[in-house]
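Taking it in order: structure first as structure tokens, then the write-up.
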Amino acid sequence: MLKKINENKHVLLLLYFPIYMIAFSYLEKRVTDKIHIIDCSLDQYIPFLEIFVVPYLLWFLYIAVTGFYFLFREKESFCRLMYFGMIGMTLFLVVSFLYPNGLELRPETFPRDNIFTDMTKFVYAMDTPTNVCPSIHAFNSMGVLFGVRNSEKLKNRKWIQNGATISTALIILSTMFLKQHSVVDVLMAMVLSYLSYDLVYNGRWNHIFQSFEEVRYKFAGNYTGFGRPGKRIGKQNR
């Protein structure tokens, strides 16, 4: 049993999601004196296109299928995907807490009446236009794309690579065409995704950790207590 647990420790990373959902639910229900409206002039030139509710909702399947594939087939890829997501979603919670934000982009009336507008009404009813920056839809879509592109088993399968690229692009566009997110939200998500990529996939996190370790080691080797000189580690030549 212990051996089985040790071999599947990566599954414990899934415990982050209930913690995240509790924090997110709190932020959604929190009453604040001021909501900072996120928008820019470019948002006015982006039309409302209800057809994009399809890729918007497919995001949930996109994240789940990729996540479960890596969970059972590629442990290292799963861990990287989780670390990537945990960085962005945690920063999203911090931003939402310190800088409550929202949108005023949703149309008051829909230009067309069809099944896609009905689906959009459902999305609007389930998801409030608050706590939108950065866009988690866009950020996690980029996380999946990076995960697929860096997968040892999937990197040579062109149809999966191309499918992930197209799916990610459509999902990101859907957030703006449905007026669920501003261009600002998406741009912030893109910047955050590339910073997270540098930390997780380019090894920047290891470099930072090693730098802290070197500073700690040097400090411990030269000082003891509160800034008082101490003995150097190792023998000195006489």
*Taking all non-hydrogen atoms of both residues into account, name the closest pair between Ile171 and Trp59 and its distance.*
CG2-CD1, 3.6 Å
*Taking every non-hydrogen atom, the tightest pair across Phe70 and Gly147*: CZ-O, 3.5 Å
*Is Lys153 salt-bridged to Glu74, cutoff N-O under 4.0 Å?*
no
*Do the side chains of Glu104 and Asp39 get nearer than 4.5 Å, heavy atoms only?*
no
*At their closest point, which heavy atom of Arg30 faces which heavy atom of Ser96, and how far apart are they?*
NH2-O, 3.1 Å
*Of all the heavy-atom pairs spanning Asn114 and Thr117, show the shortest one and how long it is.*
O-OG1, 2.7 Å
*Beyond-backbone contact of Met142 with Ile172, side-chain heavy atoms, under 4.5 angstrom*: yes
*Give, for atom OG1 of Thr165 and atom CG of Leu145, the distance between the pair rounded to the nearest 0.5 Å.*
5.0 Å
*Is any side-chain heavy atom of Leu170 closer than 4.5 Å to a side-chain heavy atom of Leu58?*
no
*asked:* Determine whether a donor-acceptor pair (N or O, by modelled atom type, separation under 3.5 Å) exists between the side chain of Asn101 and the backbone of Cys133.
replied: yes
*Can you tell me how far the OH atom of Tyr201 sits from the CZ atom of Arg149, to the nearest 0.5 Å?*
12.0 Å
*Taking C-beta and beyond as the side chain, do Gln161 and Val148 meet within less than 4.5 Å on heavy atoms?*
yes
*For the atom pair CD1 (Ile160) and OH (Tyr69), what is the distance rounded to the nearest 0.5 Å?*
7.0 Å
*Check whether Val191 and Tyr194 end up in the same hydrophobic cluster, where Ile, Leu, Val, Met, Phe, Trp and Tyr are linked by side-chain heavy atoms less than 4.5 Å apart.*
no
*Heavy atoms, side chains only, cut-off 4.5 Å: are Leu105 and Ile46 in contact?*
no
*Are Met176 and Leu57 connected in the hydrophobic side-chain network, where two residues link if heavy atoms are under 4.5 Å apart?*
yes
_If we ignore hydrogens and angles and just use 3.5 Å, is the side chain of Asp185 paired with the main-chain N or O of Ser182 as donor and acceptor?_
yes
_Does Arg73, at its CZ atom, have more than 12 non-hydrogen atoms belonging to other residues, nucleotides or ligands within less than 6.0 Å?_
no
*With distance as the sole test, does Asp43 use its side chain to make a donor-acceptor pair with the main-chain N or O of Val183 at under 3.5 Å?*
yes
*Please round to the nearest 0.5 Å and tell me the distance separating atom CG of Leu178 and atom CG of Leu173.*
10.5 Å
*Flag yes if Phe139 and Val65 sit in one hydrophobic cluster, no otherwise; membership is Ile, Leu, Val, Met, Phe, Trp, Tyr, and two members link when side-chain heavy atoms are under 4.5 Å apart.*
yes
_With rounding to the nearest 0.5 angstrom, report the OG1 to NZ distance, Thr128 to Lys29._
11.5 Å
*Grab the two heavy atoms, one from Pro55 and one from Ser174, that are nearest each other, plus how far apart they are.*
CG-CB, 4.0 Å
*Using the ring of each side chain (for Trp, its six-membered ring), is Tyr56 parallel, tilted or perpendicular to His137, with breaks at 30° and 60°?*
parallel
*With respect to Gln180, which candidate in Thr120, Asp127, Thr175 satisfies the side chain to side chain donor-acceptor pair (under 3.5 Å) definition?*
Asp127
*OG on Ser141 to CD1 on Ile136, rounded to 0.5 Å*: 10.0 Å
*asked:* Name the residue from Phe116, Phe110, Tyr124, Phe177 that meets the ring pair (Phe, Tyr, Trp, His ring centres under 6.0 Å) definition with Phe48.
replied: Phe110
*Side-chain heavy atoms under 4.5 angstrom apart, residues restricted to Ile, Leu, Val, Met, Phe, Trp, Tyr: same cluster for Tyr99 and Leu27?*
no
*Linking I/L/V/M/F/W/Y whenever any side-chain heavy atoms sit under 4.5 Å apart, do Ile22 and Met126 land together?*
no
Identify each donor-acceptor pair in which a side-chain atom of residues 79-95 lies under 3.5 Å from a protein atom, sequence neighbours left out, and give them as a table.
from	atom 1	to	atom 2	distance (Å)
Arg80	NH2	Glu76	OE2	3.2
Thr90	OG1	Tyr16	OH	2.8
Thr90	OG1	Met86	O	2.6

*Should we count CD1 of Ile115 as having more than 12 external heavy atoms under 6.0 Å?*
no
*Do Glu28 and Asn131 have side chains that get closer than 4.5 Å, going by heavy atoms?*
yes
*Taking the side chain as C-beta and beyond, is there a heavy-atom pair between Asn140 and Val144 under 4.5 Å?*
no
*asked:* So which atom in Gly102 and which in Ile35 form the shortest heavy-atom distance, rounded to 0.1 Å?
replied: N-CG2, 3.5 Å
*Can you find a heavy atom in the side chain of Thr168 that is under 4.5 Å from one in the side chain of Phe146?*
no
